[in-house]
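What you see is a predicted model, and the numbers here were worked out from it, not measured in a lab. Note that these values count all heavy atoms, side chains included, but never hydrogens, waters or copies made by symmetry.
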Amino acid sequence: MAEEGAHADEVNIDYSCLFVNPVGQRRADFQSACAGVFAQLRVASGADQARSLLAREPADLVVLDLERCELGIDLAALGALVAERAGKPTLVLCPFTNARWLPALMAFGPIDYAIGPLRAQQTRALLDARLRAGFARPWAPGAAEQELQVLLALRGASQQALGDADDSVRFAERLCAAVMDWPGLAHAALFQHRDGDLHLEAEQGVAGLHLMALLEVEGRLLQSPLRHAFPGLLAAASGEFTLLDAPEKAGEPELAASLERFGVRMVVGVPIPGQGPGGPRGSLCLMFDHARAFSRAQLQALDDLAQLASHGQRMAEVTRENEVLLARVTHLATTDALTEVANRRHGEHLLEQEIKRARRYRLPLALVSFDIDRFSQVNDSFGHPVGDIVLRTVASTVRALLRASDVLVRSGGEEFLVIAPHTSAIDGLRMAEKLRAAIEQVEIPGCDHVTISLGVAQLGESESGDSLAVRANAALARAKRAGRNCVELAMS
């Protein structure tokens, strides 16, 4: 800003001014442009210096020039300065390229502003105009505007609850907490239909007020003796908006007395709409500390809150459905359909995990490989349905004998593996012998008995999973050659 001469019609008002900007040249240009405008003009390089100067001597006007200021860095300090002004004249010169400063500073207190860039003559004319007007106090909103501000803030806070919509309880808690910003609201609760009954998902508000106790619930919520009188239950059951503007009107003196004791003078039940023509998903229950007449905007806000709650609950349901679907897909991808044990691909993955764990903690790991002796003859003699029964019986018998840490894998056809953590070669031989004896004794419908042959190998110090499996299968092959229905230990 370059000085452009004095004006003949300068305003002669005894005003003091403090100009704030981090750039020395900007401060010098402002002093030059506004020479003679103020009785006293001081400059500061930042909020801290400005605060120090104001502490020594107040200023009638503070001008915050935001050129070269960073919103993410300087907002807290400059906002605190605005707040400390407590409504005293504060003029913000805001670059047109970063108008986000304006609502951010307005959150701290009232400001006047002008959009830059401004030439020296424009800056002087702007200040002349503001000084002529006497920097009137900022416009104060009327009742309608205040109500609108409250409702907008309420909607904004409630929408943020959708960030937890993957969990119905956390979403309900956040929504109730957001709704508590409604002036005069003493208690908020959210009910949801789930698993054939109505559940109280969350409640917030008056200390000591617990709806389950208030509603005398011993079993199912919809069987509460007060389900015909309490708006939260009525709205959830009927799908109708219910408004009890005096507790005694419900016809339940004890309920009315309990509500009065907690300072509740009005109860509203807002149904949460479901999808399609079915009943509601639940209800929002709002309790106020005084009876009030709702405006059209407030009634619309209640409806908006119910729609938002419905959206959040549906998102939570979709998340649960996705989790169930993912679990089902994972099960199908990792489990053998016939025997319900781990399939080969999943078994290879689990074996690699156990090998890493065994090496990390220096623990033994054994692998038992076995198959059903002469299984092809079972299929040829008795048919494949009996063969399937044999496979399922062998798998279930073996699994019942294994420890919780052991894993049974169907590696193909009639071939199985047992991954046995914390198991040495000797312990693996004992395990294999126990399995062999059990299978030999079990009775199988359609073919009486079968036997299995087993090979056992212990993981070597630097051995891979493939190498371990090869050695276990080689031991199994030796058991076959030895006459079947026996156990062999793999060579190192």
Is the shortest distance from a Lys or Arg side-chain nitrogen in [X] or [Y] to a carboxylate oxygen in the other one below 4.0 Å?
X: Asp128; Y: Arg132; answer: no
X: Arg357; Y: Glu352; answer: no
X: Glu463; Y: Arg359; answer: no
X: Arg26; Y: Asp29; answer: no

Once rounded to the nearest 0.5 Å, what's the spacing between atom [atom1] of [X] and atom [atom2] of [Y]?
X: Leu175; Y: Gln159; atom1: CG; atom2: CD; answer: 11.0 Å
X: Leu363; Y: Thr423; atom1: CG; atom2: OG1; answer: 10.0 Å
X: Leu284; Y: Leu302; atom1: CG; atom2: CG; answer: 8.5 Å
X: Gln192; Y: Leu221; atom1: CD; atom2: CG; answer: 12.5 Å
X: Arg27; Y: Leu41; atom1: CZ; atom2: CG; answer: 12.0 Å
X: Cys69; Y: Asn21; atom1: SG; atom2: CG; answer: 5.5 Å

Within a strict 4.5 Å, meaning less than it, do heavy atoms of the Glu203 and Leu200 side chains meet?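 Of all side-chain heavy-atom pairs linking Leu200 with Glu203, at least one is under 4.5 Å.
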So, does [X] use its side chain to make a donor-acceptor pair with the main chain of [Y] at under 3.5 Å?
X: Asp406; Y: Arg403; value: yes
X: Arg344; Y: Gly412; value: no
X: Thr242; Y: Pro231; value: yes
X: Gln298; Y: Ser295; value: yes
X: Gln49; Y: Ser45; value: yes
X: Ser224; Y: Leu215; value: yes
X: Arg85; Y: Pro89; value: yes
X: Ser283; Y: Gly269; value: no
X: Ser310; Y: Ala306; value: no
X: Gln122; Y: Arg119; value: yes

Measure centre to centre between the rings of Tyr15 and Phe38, then say whether the value is under 6.0 Å.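 No; Phe38 has its ring centre 6.0 Å or more from that of Tyr15.
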Any donor-acceptor pair under 3.5 Å linking the side-chain atoms of [Y] with those of [X]?
X: Thr339; Y: Asp336; result: yes
X: His187; Y: Gln204; result: no
X: Glu340; Y: His331; result: yes

For the side-chain contact (heavy atoms from CB on, under 4.5 Å) test, which of Gln307, Arg281, His311 pairs with Pro273?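 The residue from Gln307, Arg281, His311 that satisfies side-chain contact (heavy atoms from CB on, under 4.5 Å) with Pro273 turns out to be Gln307.
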What orientation do Phe191 and Phe230 show, parallel under 30°, tilted 30 to 60°, or perpendicular over 60°?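 Plane angle over 60°, so perpendicular.
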Parallel, tilted or perpendicular, as decided by the 30° and 60° cut-offs, for the rings of Phe288 and Trp182: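 Because their plane-to-plane angle is over 60°, the rings of Trp182 and Phe288 count as perpendicular.
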Could you pull out the closest heavy-atom pair between Leu244 and Ala229, with the gap in Å?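 Taking every non-hydrogen atom into account, CD2-O, 4.3 Å.
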Glu254, CD atom: more than 12 neighbouring heavy atoms under 6.0 Å: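 Not buried by this count: 12 neighbours or fewer within 6.0 Å.
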Can you confirm whether Arg320 is buried at CZ, in the sense that more than 12 heavy atoms of other residues, nucleotides or ligands lie under 6.0 Å from that atom?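 Above 12, so yes.
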